[in-house]
2 protein chains.
Amino acid sequence: MSTLEITKREEEYLETMYMLHRNKGIIRVKDIAKLMKVKPPSVVDALKKLNEKGLVHYEKYDRILLTEKGRKIAEATYSKHVLLTEFFVEILGIPPEIAEQDACQFEHYVHEITAERIKEFAKFIQEQCPYVLKQFLKEKLTEDKRKR
Amino acid sequence: MSTLEITKREEEYLETMYMLHRNKGIIRVKDIAKLMKVKPPSVVDALKKLNEKGLVHYEKYDRILLTEKGRKIAEATYSKHVLLTEFFVEILGIPPEIAEQDACQFEHYVHEITAERIKEFAKFIQEQCPYVLKQFLKEKLTEDKRKR
DNA sequence: TCACCAAATTAGGTTAGCCAAAAATGTTTA
DNA sequence: TAAACATTTTTGGCTAACCTAATTTGGTGA
């Protein structure tokens, strides 16, 4: 319940749990471990800490749930993830897999102001010079294909 | 001399030393500590490890230098730093201080492909629709001022 | 030149995060 | 319903990175 700071890694655990809850309805140690590329004992460690911080409801062998507070953090992170991925793919024309990797890191650091501005910029460009943007993406897509 | 992996934090130490070398000519434990916001003993720990990995020349009480290998890594990181900061400021119109903070994190993760594409995109937009870009920046600058 | 001060280093200790192996619990199936 | 299997948890131990306090070294001014 404390107001301790949250680490980048903890934010990643929260986001993973949030996605599992959305996709499968149930959050399992095993599945968290798989997505986070760690072993189950590491997940248990993390769950205990997050429980202490009031971000998840965790009691051993019981079902795992995010608290209201944990869910809010996860949602905020997830929405930055989506925003960044879209920007990388739709504006810069980065291959989705790479965009995903970059977003996955940057989402934990990006300033609110920067995130907001990226969103506004994307909208502005798409509205004000859609043709130029399409030209850029087409050019880059062609180059990327040639490289393969 | 080993081919061990380099951590994000080590990359930060290298970059800091690189900047100190450029700006002051000499690299001091005290100055690294100040810039990295850590205490001197932490710097010494880091120097020992980086020395082991062949990235700095370090012998106690002696002058500190980056090796060729260390310098190359630092330069690569630094150039991403510059690129990202410029993009955030000149294209998105983010306040320099915030742009700096974001760049400082993202530089350690950003994929080569993404970095390159950001550079190309900035050039493209500046050449193809400079007026639209100026309009966006002006608009945002006005909004930012109003908020203060 | 030597005593003093600043800088660097060592010693010893903390925390976050990870793991393998073993133990405990939960679930399923014969 | 009890054995077998799967999942979770505990135990004990590791590394990276940080710190404070104490010590050592290097340079400087009287």
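Throughout, a chain's letter reflects where its sequence line sits, starting with A, and its residues are numbered from 1.
- Not one side-chain nitrogen or oxygen of B:S42 sits closer than 4.0 Å to the OP1 or OP2 atom of D:dA17.
- Side-chain contact, A:Q105 with B:H108: no donor N or O sits under 3.5 Å from an acceptor N or O.
- Applying the 6.0 Å contact sphere to NZ of A:K72 captures no more than 12 heavy atoms from other residues, nucleotides or ligands.
- Near-neighbour residues of DNA chain D inside residues 7-24 of chain A, defined by a heavy atom below 4.0 Å, are absent.
- Regarding B:E52, its CD atom lies at a distance of 14 Å from the P atom of D:dT15, rounded to whole Å.
- Rotation axes derived from the C1' atoms of the five outermost pairs at either end of the helix from C:dT1-D:dA30 to C:dA30-D:dT1 lie 0° apart, to the nearest 10°.
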(request) Apply ring-ring contact (aromatic ring centres under 6.0 Å, His included) to B:F136 and A:F121, showing your working. (result) CA-CA 8 Å; B:F136 178 77; A:F121 180 81; 5.3 Å; yes
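- Hydrophobic clustering, with ILVMFWY side chains joined whenever heavy atoms are under 4.5 angstrom apart, groups A:I113 together with B:L84.
- The separation between B:I26 atom CD1 and C:dA7 atom P is 12 Å, rounded to whole Å.
- Taking CZ from A:F88 and CD from A:E100, the interatomic distance works out to 10.5 Å, rounded to the nearest 0.5 Å.
- Between the side chain of B:K140 and the backbone N or O of B:Q135 there is no donor-acceptor pair closer than 3.5 Å.
- Not one side-chain nitrogen or oxygen of B:K39 sits closer than 4.0 Å to the OP1 or OP2 atom of D:dC18.
- Following rounding to the nearest Å, B:K49 (NZ) and C:dT10 (P) show an atom-to-atom distance of 15 Å.
- B:K60 NZ to B:K48 NZ: the interatomic distance, rounded to the nearest 0.5 Å, is 7.5 Å.
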(message) Strictly under 4.0 angstrom, non-hydrogen atoms only: write out the protein contact profile of nucleotides 2-14 of chain D, one letter per nucleotide from the 5' end, B, S or -.
(response) -----SBBB----
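- Here the CG-CD distance, from A:L133 to B:Q128, works out to 12.0 Å after rounding to the nearest 0.5 Å.
- A:K37 places its NZ atom 13 Å from the P atom of C:dC19, with the value rounded to the nearest Å.
- Side-chain contact between A:I32 and A:L20 is present, with heavy atoms from C-beta onward closer than 4.5 Å.
- Here the P atom of nucleotide D:dA16 and the CE atom of B:M36 are 16 Å apart, to the nearest Å.
- Here the straight-line distance linking atom CZ of B:F106 with atom OG1 of B:T114 works out to 6.0 Å at 0.5 Å rounding.
- Taking NZ from A:K53 and CG from A:L55, the interatomic distance works out to 7.5 Å, rounded to the nearest 0.5 Å.
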